[in-house]
Amino acid sequence: MTRALVLGGAGFIGVAACKELMRRGVETVAAGRKDRPYGTFTSYVAFDRTDENQLKRALEQVEPDVLLDLACYQPQDIEAVARHFKGARYVFVSTGVYPDLKGRPAREEDFVPLDGGAPAGLDYLNGKRWCETMLSRERDLPWTVIRPPAVFGPADHTLRIAAYIQRVEDGGPLLVPVESYERQAGLAWVKDIGYACALACDLRKDLARKAYNAAFDGLSLKDLIQGIASATGRPARLYPMPFAQLPDGASPYGPDPRRSAGYSLEHSRMELGFEPSALEDALAETLAWFRVARPSHPGYANRTQELAIAGAA
Ligand SMILES: NC(=O)c1ccc[n+]([C@@H]2O[C@H](COP(=O)([O-])OP(=O)(O)OC[C@H]3O[C@@H](n4cnc5c(N)ncnc54)[C@H](OP(=O)(O)O)[C@@H]3O)[C@@H](O)[C@H]2O)c1
């Protein structure tokens with residue numbers, strides 16, 4: 001039986017990944033910094049992965065065949081994994097590391113590892129780009145990368161999906177970027193990302209030194225909003241306007257027209273066996289959470305300004 005250590009296993013995507021791994025009969029040990037009550041997971045270890053000694057001890061204690069890493073943000077964390085992980089596969093969960101592709105779907109090969117040495121104090125996106133760059137330089141670490149775009153689902157701590165549900169529920173209109181709201185957008189359901197992570201942990205597949213996109217296919221921001229509208233029985237009233245003039249937080253997914261128009265799934269379908277779910281299923285689960293939790297996206301505080309722009313105040 002394969003044993004997986006899931007770093008960040010109690011987080012938003014981590015819980016979905018652990019559930020899918022356990023469903024597939026993988027012995028799953030979740031990990032994070034905080035102690036979590038017995039019973040939340042079948043198996044759980046608490047340690048801080050940025051402390052190399054703690055990482056080393058945890059790897060010696062658990063002896064995983066697979067390390068699924070959802071808590072890696074800086075290149076030195078990759079170097080520490082390379083020094084201490086002795087198992088058969090390291091799965092790094094990255095992000096949309098792609099350069100600006102001006103409205104073209106991103107293919108995995110659009111990211112090219114960087115040159116030189118990693119600078120200090122990297123922000124989120126550059127941290128992930130350097131993590132992937134470090135992986136490309138590792139000769140002995142059997143790595144595979146999963147690249148999710150913006151992920152939504154129940155308990156989405158970014159609350160970006162709530163921003164759209166709130167505005168559909170209040171009757172709209174929703175301010176959206178005229179340049180990109182009808183293009184494919186970089187969006188994914190948390191359950192699908194958990195599924196993609198579990199596929200990447202399957203040791204029967206040869207996925208060494210490969211990166212894979214995981215996302216909805218062909219879904220635009222307009223489709224997402226129309227999906228929320230039809231699931232809630234409200235109209236989808238859109239107010240397209242230039243991206244550069246959108247008030248802060250009005251459309252947290254953008255999409256920024258300079259970035260890629262979502263992802264190409266050709267490689268992940270053929271090699272990983274990934275297939276995204278129906279939007280309706282993702283929205284049904286997400287709306288069930290929203291109706292109970294009633295979260296509010298911080299950008300919703302500017303709603304009066306948005307309505308004034310759309311002439312609907
Ligand atoms: N959510 C998205 O839209 C999205 C999109 C693209 C990529 N991703 C990537 O997917 C991964 C997971 O994202 P997420 O949204 O699930 O994040 P999350 O909910 O914040 O989960 C991250 C988990 O990692 C653990 N963690 C953080 N730092 C740690 C450390 N130093 N040592 C040990 N554990 C640590 C945290 O648990 P403790 O607090 O207990 O330490 C937390 O449960 C991240 O790498 C993120 O970059 C996410």
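Start at 1 and go down the list; that is how both ligands and their atoms are numbered. Nothing here was measured: the structure is a model prediction, and the numbers come from that model.
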How does [X] reach ligand 1, if at all, at less than 4.0 Å between non-hydrogen atoms: by side chain, backbone, both, or neither?
X: P149; value: backbone
X: S94; value: backbone
X: T158; value: neither

Identify which of [options] has a heavy atom lying nearest to [atom].
atom: atom 39 (O) of ligand 1; options: K128, H157, R160, K34; answer: K34
atom: atom 34 (N) of ligand 1; options: A16, G32, A10; answer: G32
atom: atom 8 (N) of ligand 1; options: Y124, F92, Y73; answer: Y124
atom: atom 23 (C) of ligand 1; options: G153, A150, G8; answer: G8

Any [X] heavy atom less than 4.0 Å from ligand 1:
X: A188; answer: no
X: D48; answer: yes
X: F47; answer: yes

pair I146-F274: side-chain heavy atoms closer than 4.5 Å: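 I146 does not reach F274 side chain to side chain.
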Note, L175 side chain near S251 side chain (heavy atom, < 4.5 Å):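 Heavy-atom side-chain distance check fails, nothing below 4.5 Å.
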Shortest non-hydrogen contact from S268 toward N213: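 Answer, listing the atom of S268 first, then N213: OG-O, 2.8 Å.
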Protein contact of atom 4 (C) of ligand 1 - nearest heavy atom, named by residue and atom, plus distance: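 In this structure, atom 4 (C) of ligand 1 has V151 CG2, 3.8 Å as its nearest protein heavy atom.
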Residues T232 and R234: side-chain donor-acceptor under 3.5 angstrom: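 There is no such pair between these side chains.
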For ligand 1, which is the ligand I care about here, please tell me if [X] has any N or O atom under 3.5 Å from one of the ligand's N or O atoms.
X: C72; value: no
X: P148; value: no
X: A71; value: no

